[in-house]
Every structure is written in C-alpha cells, then in structure tokens.
Number of protein chains: 2
Amino acid sequence: MKFSINRQAFLKNLADVQRAIPSKTTIPILTGIKLVVSQEGITLTGSDSEVSIEIFLPVEHEELQLSIVETGSIVLPARFFGEIVKKLPQNTFTLETNEQLQATITAGSAAFTLNGLSAHDYPQLPEVEKDHVLTLPVPLFRQVILQTSIAVSTAESRPILTGIHMVIANNQLKAVATDSHRLSQRIIPLEMPETSNALTFEITLPGKTLIELSRIIDGLETIDFAITENQVLFQTETLSFYSRLLEGRYPDTDRLINDQFNTAITVVASDLVAAVDRASLMSHTDKNNIATLSINENRILLTGNSPEIGKVEEEITVENYEGASLDVSFNPDYLKDALRLFGSSEATIQFLEANRPFTLTLKDNHSDIPYSFIQLVTPVRTFNG
Amino acid sequence: MKFSINRQAFLKNLADVQRAIPSKTTIPILTGIKLVVSQEGITLTGSDSEVSIEIFLPVEHEELQLSIVETGSIVLPARFFGEIVKKLPQNTFTLETNEQLQATITAGSAAFTLNGLSAHDYPQLPEVEKDHVLTLPVPLFRQVILQTSIAVSTAESRPILTGIHMVIANNQLKAVATDSHRLSQRIIPLEMPETSNALTFEITLPGKTLIELSRIIDGLETIDFAITENQVLFQTETLSFYSRLLEGRYPDTDRLINDQFNTAITVVASDLVAAVDRASLMSHTDKNNIATLSINENRILLTGNSPEIGKVEEEITVENYEGASLDVSFNPDYLKDALRLFGSSEATIQFLEANRPFTLTLKDNHSDIPYSFIQLVTPVRTFNG
C-alpha cells in the first residue's frame with residue numbers, strides 16, 4: 001500500500017481513533033492501529049476490545065489532500081506512529097509498506113521505517129444489526145453525558161455503577177448515574193422511528209466510554225445510535241464507535257426521586273460553588289471531608305473545619321428560603337460537582353431532613369418532563385446530624 | 001497584628017517566598033511563612049534552611065493597597081495560607097491575629113481562622129557581611145543561569161556537580177556546569193568594585209536554587225550579589241535571597257576546552273533540533289538511547305535505531321562542512337538540550353574524533369572573551385565508534 005496525506009488532518013483523525021487504543025493489553029496487536037487503504041480512502045481502526053473506533057478518510061475530502069497510490073493494509077504501533085506523524089517536517093507525508101510488513105514514512109529529508117503487523121491478524125469488529133436505529137441531536141446528547149457522568153462511580157466493586165444507565169421509551173431518553181452517594185438524572189425528548197415506538201431499551205454504557213465519545217463527536221449535528229443485546233454502535237458517515245454494554249441489573253433509582261421537602265433554598269449556583277470550594281479547603285485536610293450548611297431564618301452559614309489547621313465560616317446569600325431550620329453535613333466535593341453543572345443559573349436545593357438525600361434542580365426549568373434534570377446528594381451522618 | 005492588602009499583589013509576593021518553603025521538612029516551622037508587620041510594611045520570610053527568601057512589602061507601594069492597623073508577627077502554614085488567599089472573594093482581604101496565635105482572614109462574607117505559630121520560634125536568617133558586593137545585570141545573569149543549568153547533574157552521587165560553578169575575577173564572571181557527560185560554560189564581563197578588583201571568588205551554587213532565583217528576578221534590571229565563605233545573598237530594595245554554597249572541590253573543566261578539531265559543521269540550530277528530536281523518538285525505545293551522525297563530504301546523515309520498533313534516517317542540511325569524515329554516536333537528548341540554547345542562530349559543531357567530546361559554539365560570536373559560550377557533549381562508545 002502507498003498513500004500521501006495532509007499531516008495535520010491525518011493527525012486529528014489518528015488522535016480520535018487512538019482514544020480506543022490501550023497502552024497496555026494482553027492482546028498485543030491491539031496496541032496497534034489498523035490502516036486499510038482502498039481506492040475510496042483509508043479506514044483507521046483502534047480497539048481495546050471493549051470499545052472500537054473506526055474512522056474512514058475518503059479521497060474526496062479535499063482537506064485531507066489524500067492521494068492513493070496503492071491499496072493494501074497494515075497494523076502499526078499506534079503510539080509511535082502518532083508521535084512520528086506529530087514530529088514530521090512538512091505539511092504532507094507519504095506512507096509506503098513493503099512485503100516484510102515494514103512501513104516507510106517520509107516527509108522532507110526524514111524517513112522513518114516502522115515494523116508493522118499483518119492486518120489479517122487484527123480482531124474483527126462486532127456485527128451490529130441495525131434494526132433499531134435512533135438519531136440523537138449531538139449537542140443535547142453531549143449535555144446528557146456531561147451532566148450524568150459526574151455521578152458515575154470510579155470504584156470497581158460494583159461495576160454496573162461505573163456506567164450511565166439509559167432508558168429509551170415513549171419518545172424519551174432518560175440517563176441516570178449514581179455512585180450510591182450521589183445521583184444525577186437527565187431526561188431529553190427523542191424522536192423514535194415508528195417501528196421502535198412501542199419498544200423499551202434499557203442499557204448501561206461505561207461512563208468513561210461515553211466521555212470519550214462525547215469528545216470525538218463535539219461539533220457534529222446528529223449521530224445514529226444502534227442498539228443490540230450486548231453492543232451499541234454510534235455512527236456518522238465516516239465514524240463508527242462501538243461499545244460493549246455493562247452487564248448486570250442497574251438499581252431502581254426512580255424510587256429515590258420525589259417532590260417532598262421541608263426546607264428549600266434557591267441560590268446562584270456559581271456563587272455557592274465558590275463558597276463550597278473555600279469550605280473544602282479546610283475539610284480536605286480532615287479525613288472525614290465534611291462541610292456543614294446551617295439553615296435558619298436569620299442566616300445560612302456554610303462551615304468547614306479542620307481541628308489541626310483551622311476553620312472557615314461563610315454566610316451564604318440566597319435568592320429564596322422557605323421551610324424549617326436545618327443543619328446538614330455533606331462531602332463538599334459532591335455539592336461542588338453538582339452545582340458546577342448549573343453554571344451561573346439559579347439552583348433550587350430541597351431538603352427533607354438532615355439524614356435524607358437532598359436534591360438540586362434548576363429554578364427555571366423550561367422542560368415539560370418531570371425531573372428532566374435532577375441531582376441527589378446523600379448527607380454524611382455526624383454527631384450533630 | 002492587623003492589616004488589609006490587595007489580594008493579587010499579595011499573592012504574587014507570597015508565591016515568590018513560597019519557592020523557598022519545603023512541603024516536607026524535619027523542622028516543622030519551616031513549612032510555615034513568617035509575617036512580620038511593622039509601621040513601614042510587611043516582611044514575608046520563607047526558608048528550607050538551604051535557601052531563604054525575604055520580601056518586604058512597603059506601605060508606600062500603592063498597588064499593594066496596604067493598610068497597617070496593628071504591628072506584630074506570626075508564622076502561618078504556607079500552603080494553606082496561599083490556597084486560602086487564592087480562593088478568597090473580593091480584591092482585598094484583612095488579616096488579624098489574636099493572642100492564641102490564630103489568624104482570621106476575612107474577605108466579603110468569608111472568614112477563615114488559621115492556627116499559627118510564634119514568629120519568635122522561627123529560625124534566624126544567616127548574617128551575610130557585605131564586604132564584597134557585585135552588581136549583576138539581571139537579563140544577562142538570567143541568561144547565564146539558563147545556559148549553564150541544562151548541564152547540571154541531577155544525580156546525588158556527586159553533590160558538587162548539582163551546582164553551577166562560578167569564578168569571579170578580572171572583571172569577568174565565568175559559570176560552568178557539567179554532569180560529567182556534557183558541559184556548558186558561559187562567561188560574561190562584569191564591573192567589579194575597586195576594592196575587590198584583585199580578588200578571585202570561586203563558588204558553587206545549587207543549580208535548582210539559581211533557577212528559582214532566575215524566576216523571581218525576571219523583569220528586574222540589576223541585583224546585588226554579596227559573597228561570604230559559605231553563603232551568598234542576592235539583594236534588591238525589597239528582596240533578599242540567601243543561598244548556602246555547595247561544599248567540595250569543583251573539577252577543573254578548563255583543561256577540557258580547546259580549539260582543536262578535525263571535522264566541523266555549521267548548522268541552523270533549530271533545524272537540527274527538530275531532526276535530533278525525530279531521531280530520539282526511536283533511540284528512546286532502546287535502553288542505550290543513541291543517535292548517530294555520519295559525516296562525509298557527500299552527505300551528513302542522522303540515524304536513530306530501535307531493533308524492535310524501527311529506525312529513522314534523515315539527511316542534515318549544513319551551512320558549512322570542513323575536515324575529515326566521521327561517524328559519531330551520542331545521547332540525542334544532550335545534543336537537543338545544547339542546540340536549543342542557540343534558538344534559530346547558527347551553531348558550529350567541532351569534532352576531534354569519534355570518542356572525544358565535541359563542542360558547540362555560536363558561529364557568529366560577538367564577544368571578545370574566548371569560549372564565552374561553549375558546550376561539550378561526550379559521545380557514546382559503540383561497536384562502530
């Protein structure tokens with residue numbers, strides 16, 4: 001095989017495919033990137049066997065400056081190949097392979113020879129039947145990922161909680177994540193094809209995978225979403241992003257969400273974020289990592305305490321306060337993560353009692369869907385609480 | 001004590017003093033920063049007992065917005081104090097201490113209480129007699145530090161080599177650093193006071209310390225430099241920077257430097273840097289980390305080789321070539337570091353033979369001082385070499 005291509009344009013696509021490529025793996029060929037050159041263009045494939053990414057570079061895309069001289073295929077060590085292309089001189093480079101599975105990459109006066117492997121030894125990507133294909137609006141879907149991924153568990157003790165749970169039914173997509181200390185839920189409307197109208201899909205996708213996907217699809221308008229029993233495929237004209245589903249039963253989170261409260265405050269989220277950040281300066285020095293919000297009709301006080309270092313006290317300005325007095329203690333990092341998703345909007349925080357999860361919702365919610373964006377944070381029990 | 005001050009201006013000075021403050025130490029009070037408030041201003045002191053930095057913030061500096069309410073002193077945990085000031089709301093903050101050695105830091109609605117220590121328990125800074133004070137031009141002195149510090153050793157096996165050796169005599173300052181694989185020397189003219197005219201000072205200062213100093217004095221015009229037997233003091237109107245000297249005999253490096261060569265090339269330094277960087281991509285994968293330059297009258301070829309991954313070959317364009325053919329192998333990182341100091345100027349590289357150190361000098365050197373900027377790199381012996 002032999003082709004020449006624009007270096008920067010190639011690098012961008014290479015970097016996207018590399019998101020799937022592991023640096024270490026028990027299947028050595030997976031540290032490589034597969035290149036398949038046809039008369040129509042180049043297909044790049046990377047995979048860690050959980051996630052696979054395939055990008056097609058068509059000859060007709062002018063910015064690629066792609067010229068195919070000879071078709072063929074090879075697998076090249078992904079990290080080195082990427083570093084080489086990054087450091088080449090000139091705007092374009094040429095890649096040519098020989099029968100000893102060596103690739104020679106030339107640009108200007110520099111010539112790299114890189115030992116490759118046969119593309120025939122590269123694992124086949126899964127077949128995903130496209131019976132049920134949804135079309136997702138990318139900006140909204142990226143928001144769903146951003147808003148739920150903060151509550152994804154990083155502990156491997158309950159693998160199912162490292163995922164984002166999605167329920168697709170009745171022209172809605174509901175996404176939920178929880179690490180059992182906090183929960184984030186987002187529901188968006190969806191246009192489902194008539195054939196799938198009466199169906200319900202319940203899947204749990206790895207949180208990390210969805211974050212990678214969200215980076216790759218940034219800037220696109222829509223993406224197709226095909227679901228099978230144990231795989232999903234996100235697809236555009238040139239991108240195919242495969243992911244395995246997480247196995248296991250996702251906990252029923254609906255029972256945690258309701259409208260009851262005894263105390264409620266409304267705050268400008270960005271103001272409270274800054275205060276919670278200051279409180280966490282002190283709480284982080286203590287292994288318990290607790291901040292306390294003392295709410296009563298005279299004032300609302302946020303405190304962080306470190307017996308050794310010192311303490312911080314801050315009076316919180318609220319837009320609105322209603323209900324009973326309350327002292328509630330919590331991990332300030334959870335509240336900070338949750339509030340950040342509100343930007344500089346107003347958030348309403350509702351409390352039932354000191355030891356029950358409290359909720360954060362948008363004060364001005366323009367969606368007709370109940371609980372379309374809600375977060376739960378579980379307080380920490382203290383001697384006061 | 002009690003004062004209020006502009007937050008950003010205070011932070012900048014705090015950050016400079018913090019450069020001397022260790023995160024861990026056997027003398028716990030040294031993780032603190034000492035504040036002494038007088039009617040004239042605030043003195044901030046930080047020290048790891050090797051390096052001490054003292055900065056004075058005078059009330060008359062308007063940008064400080066400094067208002068002294070009550071004089072006094074305290075030592076506060078430096079890292080927390082810095083993080084608190086960084087995260088405070090508002091443009092100014094107030095700091096007040098009580099008799100229990102607690103400092104209350106307030107800004108807007110936030111109030112931090114920080115446990116401190118008595119300033120009387122803080123170690124005294126060394127007395128440096130100012131018999132011999134030189135005045136250094138800061139931009140040139142920073143260049144000396146930058147150009148020599150690349151060759152400072154990071155190995156603790158020969159502590160003296162972790163320093164930059166300075167010889168001050170005959171209205172010149174000569175700075176040399178070597179890690180025994182490479183060497184960098186810079187000599188600058190100096191105006192010495194008549195009293196010290198006949199004296200020679202030979203000192204070795206820790207390389208890391210000089211790099212910190214160079215960051216702090218960036219933007220200044222001149223700095224005073226006082227030398228005693230085991231200490232130096234760099235001083236401006238508001239800054240005092242103390243450093244211990246390294247003990248031991250610095251190797252005689254002058255005998256390594258001479259004009260002899262059999263082969264010489266002149267290159268645009270930035271072009272060769274890029275090529276050496278590409279060669280090192282391959283050499284880094286091999287534990288020997290060797291690149292080879294093959295010089296003959298037909299062409300000059302740079303190669304890097306990794307038996308497993310592949311190889312790189314690049315023809316080097318030179319501005320000038322003279323002398324015998326030569327194959328020389330070396331650690332490409334050393335050549336890269338050396339060449340980078342030339343920017344996009346032309347560098348002349350002179351070789352005696354394959355196993356002898358080669359030198360890099362400026363092609364157009366406008367200094368009258370011989371060897372005012374010279375670097376040596378020791379080749380690696382190979383089976384070819």
Side-chain angles (χ1 to χ4, degrees), chain A residues 28 31-32 76-90 100-116 270-282 284-285 299-318, chain B residues 28 31-32 76-90 100-116 270-282 284-285 299-318:
Chain A
T31 62
L76 293 175
R79 193 165 65 85
F80 283 107
F81 184 42
E83 284 178 21
I84 288 169
V85 176
K86 206 175 289 170
K87 292 194 169 172
L88 286 175
Q90 314 279 351
Q100 288 77 49
L101 291 169
Q102 289 178 315
T104 302
I105 304 151
T106 48
S109 53
F112 282 86
T113 307
L114 204 53
N115 301 328
S270 49
D271 290 352
L272 187 54
V273 165
V276 175
D277 198 28
R278 286 188 281 272
S280 66
L281 263 182
M282 285 301 160
H284 279 170
T285 66
R299 62 176 195 165
I300 296 169
L301 203 65
L302 179 67
T303 53
N305 208 335
S306 160
E308 260 183 57
I309 309 288
K311 64 174 181 183
V312 49
E313 272 191 357
E314 183 157 356
E315 192 169 341
I316 304 300
T317 310
V318 298
Chain B
T31 61
L76 293 176
R79 192 165 65 85
F80 283 107
F81 184 43
E83 285 180 19
I84 288 169
V85 176
K86 207 174 289 168
K87 293 196 170 173
L88 285 175
Q90 314 280 351
Q100 288 78 49
L101 291 169
Q102 288 177 317
T104 302
I105 304 151
T106 48
S109 53
F112 280 87
T113 306
L114 204 52
N115 301 328
S270 48
D271 289 352
L272 187 53
V273 165
V276 175
D277 197 29
R278 286 188 280 273
S280 66
L281 263 183
M282 285 301 160
H284 279 171
T285 66
R299 63 175 193 165
I300 296 169
L301 204 64
L302 180 67
T303 53
N305 208 335
S306 160
E308 260 183 56
I309 309 289
K311 65 174 183 185
V312 49
E313 272 192 357
E314 183 157 355
E315 192 169 340
I316 305 300
T317 311
V318 298

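Both backbone and side-chain heavy atoms feed into the values below; hydrogens, waters and symmetry mates do not. Order of the sequence lines fixes the chain letters, A, B, ..., with proteins taken first and strands second; residue numbering starts at 1 for each chain. Given the structure is predicted, the values throughout are model-derived calculations rather than measurements.
Residues passing the ring pair (Phe, Tyr, Trp, His ring centres under 6.0 Å) test with B/Phe112: none are found, sequence neighbours excluded. Residues passing the side-chain hydrogen bond (donor to acceptor under 3.5 Å, both in side chains) test with A/Thr303, sequence neighbours excluded: none.
Only the backbone of B/Glu308 comes within contact range of chain A, judged by heavy atoms closer than 4.5 Å.
The two atoms that bring B/Leu281 and A/Phe80 nearest to each other are O-CE2, 3.8 Å, heavy atoms only.
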Derivation and outcome, side chain to side chain contact (heavy atoms under 4.5 Å, CB included), residues A/Ile309 and B/Asn115: CA-CA 6 Å; A/Ile309 309 288; B/Asn115 301 328; 5.7 Å; no

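In terms of heavy-atom pairs under 4.5 Å with chain A, the best-connected choice from B/Lys311, B/Gln102, B/Met282, B/Glu315 is B/Lys311. Of the residues considered (A/Ser306, A/Ala110, A/Gly108, A/Pro77), A/Ala110 shows the highest number of contacts with chain B, using heavy-atom pairs under 4.5 Å. Interface remark: of the candidates B/Gly116, B/Ser109, B/Gly310, B/Ser109 forms the most heavy-atom pairs closer than 4.5 Å to chain A. Among the candidates A/Thr113, A/Ile105, A/Leu76, the residue making the largest number of heavy-atom pairs closer than 4.5 Å to chain B is A/Thr113.
Contacts with chain B (heavy atom to heavy atom, under 4.5 Å) involve these residues of residues 271-278 of chain A, listed by number: A/Asp277, A/Arg278. Scanning residues 81-88 of chain B against chain A with a 4.5 Å non-hydrogen threshold yields B/Glu83, B/Ile84, B/Lys87, B/Leu88, sorted by number.
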